[in-house]
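Contents: one structure, followed by commentary.
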Amino acid sequence: MSKQSNNQILLSICIPTYNRARFLVELLNSIIQPLNKASLKQVEIVISDNSQSNDTEVAIEKISAASEVHISYYKNSSNVGADKNIVLAVERAKGKYCWLLGDDDLVVTDAIARILKQIELNQGIDVFMGDKEDIYIKPSNIMKSKQILNLKKEKIFDFKKEDIEEYFRVS
C-alpha cells in the first residue's frame with residue numbers, strides 16, 4: 001500500500017488496532033480528509049492489526065485505493081497483545097515523529113496542520129502535547145464529553161531538566 005518514499009515523512013500516525021474496523025474507518029477519514037498536497041508528502045499512517053479477521057484489511061484496502069495518503073498496513077501473524085502491538089506500530093513507522101492514536105479516536109480537522117506547524121517552528125523538540133477530549137456514548141445514546149487535558153495551549157518539551165521540573169512542579 002506504499003505510495004511514497006520514506007525520506008520525506010515527518011509525521012507517522014501510528015494506530016494499533018484489534019477488531020474495530022468500523023471505528024478505524026472513522027478515524028482514518030478524520031485524518032485523511034483535511035490533508036492537503038503538501039502534508040500528504042510529510043505524513044504516513046501506520047496500522048498494526050492484532051485481529052485475525054479480514055474486516056480491517058478489507059476496509060484499509062478500500063481507503064488506501066481511494067486516497068493519496070501513504071498507508072502502511074501490517075497484520076500480525078498472531079495476537080501479540082496490546083502493549084506489543086503499540087510497540088510494533090511505532091517500530092514500523094518511518095517518520096521523524098510518531099503520533100500514537102487509539103483505533104477508536106477521532107482527529108479534529110486542523111490537528112495535523114497544527115502539529116506539522118509546531119514541528120516546523122520547534123526543530124529538535126522531543127515531545128509535543130495538546131488537549132484531548134474524551135467523548136463517549138452513554139447507554140441512552142447521548143454523547144457526553146469530558147476534558148482530559150486542559151493545557152490552554154500546546155505544551156512543548158525539550159527534555160531539559162528545567163522544562164520538566166517546571167511542568168511537574170507541585171504547587
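The figures that follow rest on heavy atoms only: side chains count, while hydrogens, waters and symmetry mates do not. Residue numbers run from 1 in the order of the sequence given.
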Side-chain contact, heavy-atom cut-off 4.5 Å: [X] with [Y]?
{"X": "Glu44", "Y": "Ile13", "result": "no"}
{"X": "Val107", "Y": "Asp105", "result": "no"}
{"X": "Ile125", "Y": "Ile119", "result": "no"}
{"X": "Asp49", "Y": "Tyr73", "result": "yes"}
{"X": "Leu24", "Y": "Ile60", "result": "yes"}
{"X": "Lys37", "Y": "Glu68", "result": "yes"}
{"X": "Ser12", "Y": "Val90", "result": "no"}
{"X": "Trp99", "Y": "Ile115", "result": "yes"}

### Query
Side chains of Asn29 and Gln33: do they bring a donor and an acceptor to under 3.5 Å?
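Per modelled atom types, Asn29 and Gln33 side chains form no pair under 3.5 Å.
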### Message
Checking Ser72 against Arg92: is there a side-chain donor and acceptor pair closer than 3.5 Å?
### Response
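Looking only at side-chain atoms, Ser72 and Arg92 do not form any donor-acceptor pair under 3.5 Å.
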### Query
More than 12 heavy atoms of other residues, nucleotides or ligands under 6.0 Å from CG of Asp83: is that the case?
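Atom CG in Asp83 is not packed in, count stays at 12 or less.
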### Query
Got a sec: does the NZ of Lys75 have more than 12 other heavy atoms crowding it under 6.0 Å?
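Result for NZ/Lys75: enclosed.
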Answer yes if [X] and [Y] sit in the same cluster of Ile, Leu, Val, Met, Phe, Trp and Tyr residues linked by side chain heavy atoms under 4.5 Å apart, and no otherwise.
{"X": "Leu40", "Y": "Ile31", "answer": "yes"}
{"X": "Leu106", "Y": "Ile71", "answer": "no"}
{"X": "Ile86", "Y": "Val80", "answer": "no"}
{"X": "Tyr97", "Y": "Leu100", "answer": "no"}
{"X": "Leu88", "Y": "Leu101", "answer": "no"}

Could you tell me which non-hydrogen atom of [X] sits nearest to which non-hydrogen atom of [Y], and how far apart they are?
{"X": "Ala82", "Y": "Asn50", "value": "N-ND2, 4.2 Å"}
{"X": "Leu116", "Y": "Ser39", "value": "CD1-CB, 3.6 Å"}
{"X": "Asn79", "Y": "Tyr18", "value": "ND2-CE1, 3.3 Å"}
{"X": "Val46", "Y": "Ala89", "value": "CG1-O, 3.5 Å"}

### Message
Using the rule given for side-chain hydrogen bond (donor to acceptor under 3.5 Å, both in side chains), can you reason through Asn85 versus Asn76, listing the C-alpha separation, both sets of side-chain angles and the distance that settles it, and then say yes or no?
### Response
CA-CA 8 Å; Asn85 201 29; Asn76 301 324; 2.9 Å; yes
### Query
Any sub-3.5 Å donor-acceptor pair from Ser67's side-chain atoms to Ser64's backbone N or O?
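Answer holds: no.
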#### Entry: Criterion side chain to side chain donor-acceptor pair (under 3.5 Å) against Asp103, the qualifying member of Asn19, Thr56, Thr17
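Testing each of Asn19, Thr56, Thr17 against Asp103, the sole residue satisfying side chain to side chain donor-acceptor pair (under 3.5 Å) is Thr17.
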